[in-house]
Amino acid sequence: MKIKVIMPITSDIFNEEIKEEVKYYASDTTEVGVTSLDYGPASVESEYDEALCVPNFLEKAKEAEEEGYQGVISDCFGDPGVKPAREILDIPVVGACEASMLFASSLAKSFSVVTVLPNVVPMIENISKTLGVNGNLASVRYVNIPVLEVHDKDRLKRELYEEMIKAIEQDHAHALVLGCTGFMGVAAELQERLKQNGYDVPVIDPVFAATKLLESLISMGVKQSRLTYMTPPSKKRVKSS
């Protein structure tokens, strides 16, 4: 099995860590490729950033299919490019946010997302509505740490834990979702710390969720429905100079 992880940003600071994480999560026989964008935003923290990353994301996704990859992950919690990529590819395309919310909804009656900045809160809420799980979404909280600064793991874990406790105690969340694919390598530790303090609740890592969902779809031999994601009509889409 071959899966391609596309970082929808031009910064490559996460590439090696993401590759190691996905290889760890994936089955031993799964081959993992990781790439970032040639042009677009350095990180995705707004609708504007998301719009800028989609054109090259789609090009990279098409290249992945042509190279023989059997599935694609959009490695950003805003799920940029997922829906248009499903229209043009004949392999499954998975977004980290959708995957995480589906897993959380299967494990608890309610869940909260803890993300990076207030800018992305409406984006995450909108994904929950499109996915049909907004009734399960207790809240979207944020740690106020920009994506490109989440490498400070001690600070990140401290801020995430504080917001998770608030989500449980104030928002009545029964499960928790890490709301950024850059929050790598902290889910298990946070879940154990919560359990030790009396809260035995699942903490969903979005990259882990996306990886296992994509592997399952490939193993099942299924992809997106052409009744939902119809092939775009043939026409000229780039104005020549």
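- One hydrophobic cluster, built from ILVMFWY side chains closer than 4.5 Å, cannot hold both Tyr69 and Val34; they sit in different ones.
- Scanning all heavy atoms of the two residues, the minimum distance from Leu176 to Ala167 falls at CD2-CB, 3.8 Å.
- The nearest pair of heavy atoms linking Cys53 to Pro80 is SG-CB, 3.4 Å.
- Note that CD1 of Ile218 is 5.5 Å distant from CD of Gln70, once rounded to the nearest 0.5 Å.
- Listed by chain and residue number, Lys195 satisfy the side chain to side chain contact (heavy atoms under 4.5 Å, CB included) test with Asp200 (two or more places apart in sequence, or in another chain).
- Taking all atoms of both residues into account, the shortest heavy-atom contact from Gly182 to Lys153 is O-NZ, 4.0 Å.
- Evaluation of the side chain to side chain donor-acceptor pair (under 3.5 Å) test over residues 108-120, restricted to residues two or more places apart or in two chains, returns Ser112-Ser139.
- With hydrophobic clusters built from ILVMFWY side chains whose heavy atoms lie under 4.5 angstrom apart, Met220 shares a cluster with Ile73.
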Start with the C-alpha distance between Tyr199 and Glu169, add both sets of side-chain angles, then the distance that settles side-chain hydrogen bond (donor to acceptor under 3.5 Å, both in side chains), and finish with yes or no. CA-CA 10 Å; Tyr199 297 113; Glu169 295 181 346; 2.7 Å; yes
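- Applying the ring pair (Phe, Tyr, Trp, His ring centres under 6.0 Å) criterion to Tyr142, with sequence neighbours excluded, gives no partner residue.
- In this structure, Val113 and Gly179 approach most closely via the heavy-atom pair CG1-CA, 3.6 Å.
- The backbone N or O of Tyr229 lies less than 3.5 Å from no partner atom in the side chain of Lys83, so there is not a single donor-acceptor pair.
- Checking side-chain atoms of Ser128 against main-chain N and O of Glu125 turns up a donor-acceptor pair under 3.5 Å.
- Its side chain within the 4.5 Å cluster rule, Leu52 clusters with Tyr48 among the Ile, Leu, Val, Met, Phe, Trp and Tyr residues.
- The closest side-chain donor-acceptor pair between Thr181 and Asp75 falls under 3.5 angstrom.
- Side chain of Asp79 to backbone of Glu98: a donor-acceptor contact under 3.5 angstrom is found.
- Formation of a donor-acceptor pair under 3.5 Å by the Ser74 side chain with backbone atoms of Gly95 is not found in this model.
- Under the 4.5 Å side-chain heavy-atom criterion for grouping Ile, Leu, Val, Met, Phe, Trp and Tyr, Tyr39 is not connected to Val44 through any hydrophobic cluster.
- Side-chain contacts under 4.5 Å among hydrophobic residues (ILVMFWY), followed directly or transitively, place Leu89 together with Ile6, Leu37, Val54, Phe57, Leu58, Val72, Val82, Ile88, Ile91, Val93.
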Candidate pair Glu215 and Lys212, rule salt bridge (Lys or Arg N to Asp or Glu O under 4.0 Å), full reasoning: CA-CA 5 Å; Glu215 283 189 319; Lys212 301 316 286 188; 2.9 Å; yes
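- Checking each of Glu162, Glu163, Glu159 against Arg141 for a salt bridge (Lys or Arg N to Asp or Glu O under 4.0 Å) leaves exactly one that passes, namely Glu163.
- In this structure, the separation between CD on Glu20 and CG on Asn15 is 12.0 Å, given to the nearest 0.5 Å.
- Legend: residues meeting side chain to side chain contact (heavy atoms under 4.5 Å, CB included) with Asp28, ordered by chain and number and at least two apart, are absent.
- The hydrophobic clustering, which links ILVMFWY residues whose side-chain heavy atoms are closer than 4.5 Å, places Phe183 and Phe208 together.
- Atom CG of Asp171 is separated from atom CZ of Phe111 by 12.5 Å, given to the nearest 0.5 angstrom.
- Between Phe103 and Ala209 the shortest heavy-atom distance is CE1-O, 3.4 Å.
- In this structure, the separation between OG on Ser100 and CZ on Phe77 is 4.5 Å, given to the nearest 0.5 Å.
- Listed for the Glu45 side chain is no donor-acceptor partner under 3.5 Å among the backbone atoms of Leu117.
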